[in-house]
Trainee: 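The structure is given below, and queries will be raised subsequently.
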Amino acid sequence: MRVGSFVCSCADTCDIDLEGVREGIEHVDVAASSSLLCADGLPAMEQVIDEYDLDQLIVTCPESRSQRKLERVAEQQGLHSEAVSFVDQREGAGWVHDEAGATAKTARLVNARYAGLEAESVSRTISQEAGERVAVVADSETAAALSDDADVTLIADGDEYVDAAADLDDVTIERGRVVDVDGRFGEFTVRLESRVTEDCISCMKCVHEGPDGMVTRYPVDIDPDAPDGAWTDVCPTDAIEMTGTERTLEFDQIVYPAATRSTRGGRIGFYTAPIDAATIAAVKDLLGGVEKPAHLDLEMDVCAAGNSSQPGCNECVEACPHDAVERARIDEVEFHEAACQNCGACTSACPTGATMLREPSNERFAREVEALLRPTDDEGGWLLNRSGSDIDAAIVAFVCSEEADDALAEYGRLAAAGKAAIEYPPILPVRVNCTDTVGEAHAMHTLACGADGVAIVGCGGDCHHSGPEPKADLVDRLNRATRDLELGERIGFFAPDPDEPAQFVEEMSTFAVELATSPIPVGEHEATGEIDADRDNPAFDSHGWTLESVRAILEHVDPAREVIRGLKDFGRMDVADGCTLTPTCSNLCPTDAIRRNERDASLEFNHEKCVNCGCCEEGCVEDVITMRDGLDRSLLPENRDGDDPAWTEVFDGEMRECRHCGKPFASEGSARKIQAEVGDLVADIAPSAQGSIFEYCGDCRAQLLYDRGD
């Protein structure tokens, strides 16, 4: 990959130093600049592309019209339009920061984009077939608009359609009110309740005799609040059922304007108000099925959902706001990739890496963060002069690419137009699909790279996915962890409102001022996303990546606490008296973090491998296992002595040795338990045995029984 970067000051309206930006850009084959790249700079750009034989361009240009012009230049030089990657140096930097901060931030953004391109994933697609059955609830105009292309059913939901202005000749109209909508794209079910059964012949007798305004003519239905009475006896087919009757219909897509956001749940093929031309187009586009980018990489071999009919980790199911993940069986989860909306909630929640975003991948996030924070020379460089005025506090901001990103861009436009005085610290943005993507691993890695703070910048209550609450919980947990690490509170959540820039400026400025300089040097840590433990998990899984980052942090801090609280992907095992050393927990553990030592009659636990899925606690037949959250430094192998320091003894029992051959064959607890339960039933089965038959191993016991047969 031969990469050229092109920096523009938008006719000197951006408060950036072009020469300073060029000097701060790393790794590219050539860095060029222009005061107006999309006009006077185009001939020089063509010459640079040709001279350096570039195949990838990073260009600072936020204006969509200018971007198209630059893409055409690239195409004319033999590059694909997607070989041009754009960076916003204007709304997000040159219009809201001073020159030093904007210059430093612009160079870092280019460096981060270069690092991200190197870690970019190859695109992949998935498809799902579906039919053309569309349910439209109480919206005759939408039903008519779709009827030429789809098999449309208009669900009356109590409305009357005798005098409907819309052309409903090709629309099936169903009586009943919607009680529930279940399922997903291609297999929705709608449950309807009505006071009129399918035996109705539309004779109009009930309409004539019934209470005024409480019986509809087309389709015939009765208001749930209509009073009972003799009038209900007029139906010649006994189709009136005042207690209500239910039926279920199946559809591929649902248009339900009055449905709540929680009812929709973010499911693809389910549309709520406002219904407009874009909605109609979206419905038509999905008729027959869907082909879309594959957003997830799935490694179900490392999934900790459970084993042997015992439920385990349920994080992805609980996190997904789009019903794209379900617990198919008690010990298995299933992903419906066609329903995935690319929010990343399941991936940040998953401790094992069973589900991970393809793009941006965790590795790409890591490389972008490292590039944003890396000094430019051995002395630290002007890009990270913490004693200077360019960037006083190195704050990495994970910015939602939807409404939050739009709000920050609007702040820049307001500032440039003189509509508002907007200036805030030059936070270093990492663009995420949604702040649901961000988990404890992302934050810990950012701090391990030397960031003073981590800002999660999302949409707040207007989030298209899970809303603000998961982020509030995440921030609370992470700040508990940073306090335990003697770093103080360094994580914040911000929801910029495009109409309230002053509030965001105040909150972000206060956050930056209150941050102490991190004791962790920048530029030293480069993540591998793995730990030394013998695991099958993919690199940059949450558990392994978080542990690697915490270890990097611990090289520079000396916390008083052994247990770092707030990190959910780590479990600590306690085993009470009563353990019989059955193999249940070790067999159930999906990460091989539990093992039985039959030689010493002990149970051993590997904290480094445990992801706190709860399988062992749920499946323990004696109910003696308790799991607690938190990363215990004293249980990590680097802090322990011995030949096998990764393993900690959590229960010390006693093995029963065979009375005949002397071989240890079972724990004393298990042997006593079995003897207590079935001893009376087999008391005389081997009369020649010396002592109890439960004192013999399986081989010797079999020999005793064989001898008895002689």
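Atom set for the values below is all heavy atoms of this structure, side chains included, hydrogens, waters and symmetry mates excluded.
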Trainee: Look at the side chain of D452 and the backbone N and O of S518, then say whether any donor-acceptor pair between them is shorter than 3.5 Å.
Mentor: yes

Trainee: Under 6.0 Å between ring centres, would you say that holds for F270 and F185?
Mentor: no

Trainee: Closest approach of G458 and T435, non-hydrogen atoms and distance?
Mentor: CA-CG2, 3.6 Å

Trainee: Rounded to the nearest 0.5 Å, how far does CD of E129 lie from CG of D252?
Mentor: 11.0 Å

Trainee: Would you call V48 and V30 a side-chain contact if the rule is heavy atoms closer than 4.5 Å?
Mentor: yes

Trainee: Looking only at the side chains, is there a donor atom on one of H80 and D55 sitting less than 3.5 Å from an acceptor on the other?
Mentor: no

Trainee: Quick check for you: to the nearest 0.5 Å, what is the distance between E141 atom CD and L146 atom CG?
Mentor: 12.0 Å

Trainee: In plain terms, say whether D149 and K284 are close enough for a salt bridge, that is, a side-chain N and a carboxylate O under 4.0 Å apart.
Mentor: yes

Trainee: Could you verify whether a donor N or O on one side chain and an acceptor N or O on the other, from R264 and T272, lie under 3.5 Å apart?
Mentor: no

Trainee: Donor-acceptor pair, T437 side chain versus C343 backbone, under 3.5 Å?
Mentor: yes

Trainee: Can you tell me if E507 and Q503 form a side-chain donor-acceptor pair at under 3.5 Å?
Mentor: yes

Trainee: May I ask you to decide if H442's main-chain N or O and T446's side chain share a donor-acceptor pair within less than 3.5 Å?
Mentor: yes

Trainee: Between K105 (side chain only) and G92 (backbone N and O only), is there a donor and an acceptor less than 3.5 Å apart?
Mentor: yes

Trainee: Between S401 and V432 (side chain of the first, backbone of the second, donor and acceptor by atom type, cut-off under 3.5 Å), is there such a pair?
Mentor: yes

Trainee: Does any donor atom in the side chain of T482 or R490 lie under 3.5 Å from an acceptor atom in the other side chain?
Mentor: no

Trainee: If you measure only the distance, is there a donor-acceptor pair under 3.5 Å linking the side chains of Y271 and Q253?
Mentor: yes

Trainee: Should N362 and T347 be marked as a side chain to side chain contact (heavy atoms under 4.5 Å, CB included) after you check the CA-CA gap, both sets of side-chain angles, and the distance that decides it?
Mentor: CA-CA 9 Å; N362 280 348; T347 65; 5.8 Å; no

Trainee: Would you find a donor on one side and an acceptor on the other, under 3.5 Å apart, between the side chain of Q56 and the backbone of A83?
Mentor: yes

Trainee: Answer yes or no: are there more than 12 heavy-atom neighbours, outside Q47 itself, under 6.0 Å from its atom CD?
Mentor: no

Trainee: Begin with the C-alpha distance, continue with both residues' side-chain angles, and end with the deciding distance and a verdict on salt bridge (charged side-chain N to carboxylate O under 4.0 Å, His left out) for E63 and R90.
Mentor: CA-CA 9 Å; E63 174 61 40; R90 194 174 70 180; 3.7 Å; yes

Trainee: Just so I know, are the side chains of N111 and H27 near enough to count as touching, which here means a heavy-atom distance under 4.5 Å?
Mentor: no

Trainee: So T355 and D297, do their side chains get closer than 4.5 Å, heavy atoms only?
Mentor: no

Trainee: Check whether K292 reaches the backbone of C340 with its side chain - one donor and one acceptor, N or O, closer than 3.5 Å.
Mentor: yes

Trainee: May I ask you to decide if S121's main-chain N or O and E359's side chain share a donor-acceptor pair within less than 3.5 Å?
Mentor: yes

Trainee: Can E118 and R367 be counted as an ion pair, charged N to O under 4.0 angstrom?
Mentor: no

Trainee: Please report the C-alpha distance between R413 and E410 in whole Å, then the side-chain angles of each, then the deciding distance to 0.1 Å, and finally whether the salt bridge (charged side-chain N to carboxylate O under 4.0 Å, His left out) criterion is met.
Mentor: CA-CA 5 Å; R413 289 188 287 268; E410 176 62 13; 3.2 Å; yes

Trainee: Decide yes or no for I275 and D139: does some side-chain heavy atom of the first lie under 4.5 Å from some side-chain heavy atom of the second?
Mentor: yes

Trainee: Any heavy-atom pair between the side chains of E530 and F540 that's under 4.5 Å?
Mentor: no

Trainee: Within this structure, what is the OG-CD distance for the pair S33 and E19, rounded to the nearest 0.5 Å?
Mentor: 8.5 Å

Trainee: Under a 3.5 Å distance rule, please check whether Q67 uses its side chain to pair with a backbone N or O of C61 as donor and acceptor.
Mentor: yes

Trainee: Quick one: CG on L296 to CZ on F335, what's the gap to the nearest 0.5 Å?
Mentor: 6.5 Å

Trainee: Run E524 and H556 through side chain to side chain contact (heavy atoms under 4.5 Å, CB included) and show every step you take.
Mentor: CA-CA 11 Å; E524 291 188 1; H556 305 283; 3.8 Å; yes

Trainee: Can you confirm whether F86 sits close enough to E71 that some side-chain heavy atom of one is under 4.5 Å from a side-chain heavy atom of the other?
Mentor: yes

Trainee: To the nearest 0.5 angstrom, please state how far the CD atom of E548 sits from the CD1 atom of I553.
Mentor: 11.0 Å

Trainee: Parallel, tilted or perpendicular for F504 and Y411, by the 30°/60° rule?
Mentor: tilted

Trainee: Using side chain to side chain contact (heavy atoms under 4.5 Å, CB included), reason through L18 and V21 one step at a time and then give a plain yes or no.
Mentor: CA-CA 5 Å; L18 292 178; V21 174; 5.6 Å; no

Trainee: Check E26 with R374, please: is the shortest side-chain N to carboxylate O separation under 4.0 Å?
Mentor: yes

Trainee: Considering all heavy atoms of both residues, which atom of A145 and which atom of I280 are nearest to each other, and what is their separation?
Mentor: CB-CD1, 4.3 Å

Trainee: Determine whether E75 and L79 make a side-chain contact, defined as any pair of heavy atoms from C-beta on separated by less than 4.5 Å.
Mentor: no

Trainee: So, for L54 and D29, which heavy atoms are closest and what is the spacing to 0.1 Å?
Mentor: CD2-CB, 4.4 Å

Trainee: Which atom names give the shortest non-hydrogen contact between L287 and A150, and what distance separates them?
Mentor: CD2-CB, 3.8 Å

Trainee: For T13, is there any backbone N or O sitting under 3.5 Å from a side-chain donor or acceptor partner on W95?
Mentor: yes

Trainee: Could you go through the side-chain hydrogen bond (donor to acceptor under 3.5 Å, both in side chains) check for H445 and E370 one step at a time?
Mentor: CA-CA 9 Å; H445 169 258; E370 290 159 6; 2.9 Å; yes

Trainee: What pair of heavy atoms forms the shortest contact from K471 to I456, and how long is it?
Mentor: CG-CG2, 4.2 Å

Trainee: Indicate the atoms forming the closest heavy-atom contact of V96 with A415, along with that distance.
Mentor: CG1-CB, 4.4 Å

Trainee: Drop me the distance from L373's CG to H525's NE2, to the nearest 0.5 angstrom.
Mentor: 11.0 Å

Trainee: Determine whether L487 and I520 satisfy the following criterion, side chain to side chain contact (heavy atoms under 4.5 Å, CB included), listing intermediate values before the conclusion.
Mentor: CA-CA 10 Å; L487 291 172; I520 303 162; 4.3 Å; yes

Trainee: Within the 4.5 Å heavy-atom criterion, are C14 and Q89 side-chain neighbours or not?
Mentor: yes

Trainee: Would you indicate whether E506, at its atom CD, is surrounded by more than 12 heavy atoms from other residues, nucleotides or ligands within a distance under 6.0 Å?
Mentor: no

